[in-house]
Amino acid sequence: MKIFLYINIFLVLWLNSPCFAETFTYEKILKLAIENSPILKAKSYDIEISSISYKQSYANILPQISLGNRIEKFENLTPTKGFITVGGQVIGGQPDEWRTAIYLTGEYYLSNWYKKLPEISYYEKLKEYSIYDCQTELKRLIKDVLDAYSALIETQIKLNYSNMILNQLKEIQSLKRSMYEKGEISYEALLKTEAEIEAMLKEQAELKRQFSIALLRISELTGKKFSLEDTFQEIELKDNFNFTEPNIETFPEFKAQLKQKEALEERLNIAKRNFLPDVVLYTRYDLYGSSYYSFRGSLNNLQKTALTAGIFLTMPIFDGGRLYFEKQKALLELKKQEERIRQVKQEKFREIQSFYLSYTELKNTLKRYENLMKYYQKILDITEKAYTLGEKSKLEILEAKKDIASIQRDMKVTENSLANLEKKLEIEINGKSHAYEEYCSYKH
């Protein structure tokens with residue numbers, strides 16, 4: 001029994017040990033998010049549904065054929081003699097008999113060629129809209145993952161450097177305490193360092209809270225549970241990124257709205273053509289049988305009774321204004337969509353300009369940090385040489401290292417923000433990414 005106990009303890013320790021921690025990159029997290037996104041899956045079903053609706057619309061221009069059957073027990077309550085037929089169906093005749101009527105009808109709306117063809121085009125545009133709408137949602141998801149991952153990396157950077165700075169502060173505190181005990185510094189100087197340590201501990205607690213929230217957001221987007229032992233690599237920053245002004249009309253957001261406008265144009269066309277007459281080519285083939293004695297006898301006596309063919313024409317004269325108001329509504333919806341297209345174009349232009357301006361400013365800020373690091377590194381070198389010569393104290397070296405760590409932290413945070421904007425600009429510039437077309441397409 002003891003051996004089983006030892007095995008169980010070993011498994012518990014092994015499964016909870018840090019060796020099961022994983023390393024993730026932005027690309028890996030993005031792949032998980034795309035694979036597990038319920039919104040994207042719903043959008044892919046929208047594509048399937050709209051494609052089926054488009055295929056179904058072709059049924060409107062095909063002929064309609066139906067087979068009808070009527071079986072009844074007839075009892076004549078009038079003194080009528082002989083048979084009376086209306087529309088090819090027997091409604092009077094011999095009393096108290098079984099009757100069976102079978103009729104084959106066929107209809108073809110010649111008017112479908114000028115009334116229903118725009119409807120086919122309407123569903124085709126909706127199908128194309130659903131594809132671009134899916135691509136828009138995919139693009140939005142990529143940006144959400146990018147923002148969530150960048151927030152996680154930023155918090156991770158701040159936590160790592162806070163640990164480094166905290167260790168330096170503790171070492172500074174130890175030196176200052178020793179100096180205070182020797183009477184070399186005041187108690188106030190020691191208290192300031194202790195206050196800095198408390199402030200750093202408070203900042204760490206807040207950073208840990210932010211890290212947990214960022215981790216939960218990543219889990220929400222990917223559908224995967226992460227642990228605090230997992231590590232996340234920083235987003236790679238390119239050295240030779242060149243910004244080119246993108247063509248907004250190639251964006252899925254713009255194309256989705258454009259296809260919706262084209263669909264509304266077809267709907268307006270449908271509303272206008274509904275004022276035209278319907279022309280129907282029809283035919284009907286009737287068989288009839290009757291028997292005084294039984295239902296089976298009526299089936300056995302079935303015989304051809306009539307063949308009817310003709311052209312049926314109807315034209316709306318007054319419908320209470322239904323067709324007129326339908327047309328007016330379609331016209332207003334089209335105008336509204338035109339304004340929506342203008343709005344999308346303006347919003348995307350402002351968004352891209354905002355990204356690029358922020359990117360340019362952050363790039364300049366990063367250069368300033370790099371220059372600042374060179375100055376502080378020189379100061380540290382001078383301090384260390386002076387310490388060797390006995391002209392500076394170890395405390396001054398630690399203070400210089402703490403300042404450098406703070407600058408390095410801010411520089412890393414800036415690099416992370418810069419990588420975020422760089423990725424967003426890439427997403428906008430590469431608006432026709434193969435990833436969009438690969439995921440958001442009709443599968444059948």
Exercise for the section: Evaluate the side-chain contact (heavy atoms from CB on, under 4.5 Å) criterion for residues Met179 and Lys182: first the C-alpha distance (whole Å), next the side-chain angles of each, then the deciding distance (0.1 Å), finally the verdict. Expected result: CA-CA 5 Å; Met179 292 170 71; Lys182 293 177 183 178; 5.7 Å; no
Problem - Glu206 side chain to Gln210 side chain, donor-acceptor N/O pair below 3.5 angstrom - result: yes
Completion exercise
d(Glu124 CD, Lys259 NZ) to nearest 0.5 Å is 7.5 Å
Exercise for the section: Give the ring-plane orientation class for Tyr282 versus Phe312, where under 30° counts as parallel, over 60° as perpendicular and anything between as tilted. Expected result: perpendicular
Practice task
Answer whether the closest heavy-atom distance between the side chains of Lys43 and Asp46 falls below 4.5 Å.
Solution key: yes
Problem - Atom pair OH/CG of Tyr359 and Leu418 - distance to nearest 0.5 Å - result: 5.0 Å
Problem - Test item: Asp133 side-chain N/O and Tyr129 main-chain N/O as donor-acceptor pair under 3.5 Å - result: no
Problem - Nearest non-hydrogen partners of Leu152 and Leu215, listed with the distance - result: CD1-N, 3.8 Å
Completion exercise
Which of Leu421, Asn420, Leu357 passes side-chain contact (heavy atoms from CB on, under 4.5 Å) with Leu362? It is Leu421
Handout entry: Closest heavy-atom pair and its distance - Ile404, Met373
Key = CG2-CE, 3.7 Å
Exercise for the section: Verify, without hydrogens or angle tests, whether Asn69 (side chain) and Ile102 (backbone) share a donor-acceptor contact under 3.5 angstrom. Expected result: no
Practice task
Could you go through the side-chain contact (heavy atoms from CB on, under 4.5 Å) check for Thr23 and Lys28 one step at a time?
Solution key: CA-CA 9 Å; Thr23 301; Lys28 190 174 180 180; over 6 Å; no
Exercise for the section: Grab the two heavy atoms, one from Ile157 and one from Arg409, that are nearest each other, plus how far apart they are. Expected result: CG2-O, 4.1 Å
Problem - N/O donor-acceptor pair under 3.5 Å between Glu396 side chain and Ser393 backbone - result: yes
Practice task
Would you confirm whether Gln168, through its side chain, and Glu399, through its main-chain N or O, come within 3.5 Å as a donor-acceptor pair?
Solution key: no
Practice task
Could you tell me whether a side-chain N or O of Arg273 sits under 3.5 Å from a main-chain N or O of Tyr114, the two making a donor and an acceptor?
Solution key: yes
Practice task
Over 60° means perpendicular and under 30° means parallel, so classify the ring planes of Phe232 and Tyr149, tilted if in between.
Solution key: perpendicular
Handout entry: Side-chain (Ser121) to main-chain (Leu117) donor-acceptor, under 3.5 angstrom
Key = no
Problem - Closest contact, heavy atoms only, Lys261 versus Ile341 - result: CD-CD1, 3.4 Å
Exercise for the section: Could you please spell out the steps behind the side-chain contact (heavy atoms from CB on, under 4.5 Å) verdict for Asp147 and Lys424? Expected result: CA-CA 9 Å; Asp147 285 338; Lys424 283 181 178 177; 2.8 Å; yes
Problem - Side-chain donor-acceptor contact under 3.5 Å, Asp278 with Ser111 - result: yes
Practice task
Using distance alone, with no hydrogens and no angle criterion, decide if Ser162 and Gln204 have a side-chain donor and acceptor under 3.5 Å apart.
Solution key: yes
Problem - Heavy atoms from other residues, nucleotides or ligands near OH of Tyr109 exceed 12 (cutoff 6.0 Å) - result: no
Exercise for the section: Determine the interplanar angle of the Tyr54 and Tyr58 rings, folded into 0 to 90°, and report it as parallel if under 30°, tilted if 30 to 60°, perpendicular if over 60°. Expected result: perpendicular
Handout entry: Check: Lys402 side chain, Leu169 main-chain N or O, donor-acceptor pair, under 3.5 Å
Key = no
Exercise for the section: Using the side-chain contact (heavy atoms from CB on, under 4.5 Å) rule, take Lys385 and Leu389 through it: C-alpha gap first, then chi angles, then the decisive distance, then the call. Expected result: CA-CA 6 Å; Lys385 287 176 183 177; Leu389 297 171; 5.5 Å; no
Handout entry: Considering all heavy atoms, the nearest Ile352-Pro246 contact
Key = CD1-CG, 3.7 Å
Handout entry: Heavy-atom side-chain proximity of Leu237 to Leu366 below 4.5 angstrom
Key = yes
Practice task
Looking only at non-hydrogen atoms, find the nearest pair between Leu146 and Ile235 and report the distance.
Solution key: CD1-CD1, 3.8 Å
Exercise for the section: State whether a side-chain donor-acceptor pair under 3.5 Å links Glu326 with Asn274. Expected result: no
Practice task
Could you check if a side-chain atom of Ile29 sits within less than 4.5 angstrom of a side-chain atom of Val145, using non-hydrogen atoms only?
Solution key: yes
Handout entry: Gln64 side chain vs Leu62 backbone, donor-acceptor pair below 3.5 Å
Key = yes
Practice task
Look only at the side chain of Ser178 and the backbone of Ser174, and say whether a donor-acceptor pair between them is shorter than 3.5 Å.
Solution key: no
Exercise for the section: May I ask you to check whether Arg350 and Gln353 show a side-chain donor-acceptor distance below 3.5 Å? Expected result: no
Exercise for the section: Could you tell me whether a side-chain N or O of Asn269 sits under 3.5 Å from a main-chain N or O of Glu265, the two making a donor and an acceptor? Expected result: no
Exercise for the section: Mind checking the CD-OH spacing from Glu128 to Tyr123? Nearest 0.5 Å is all I need. Expected result: 15.5 Å
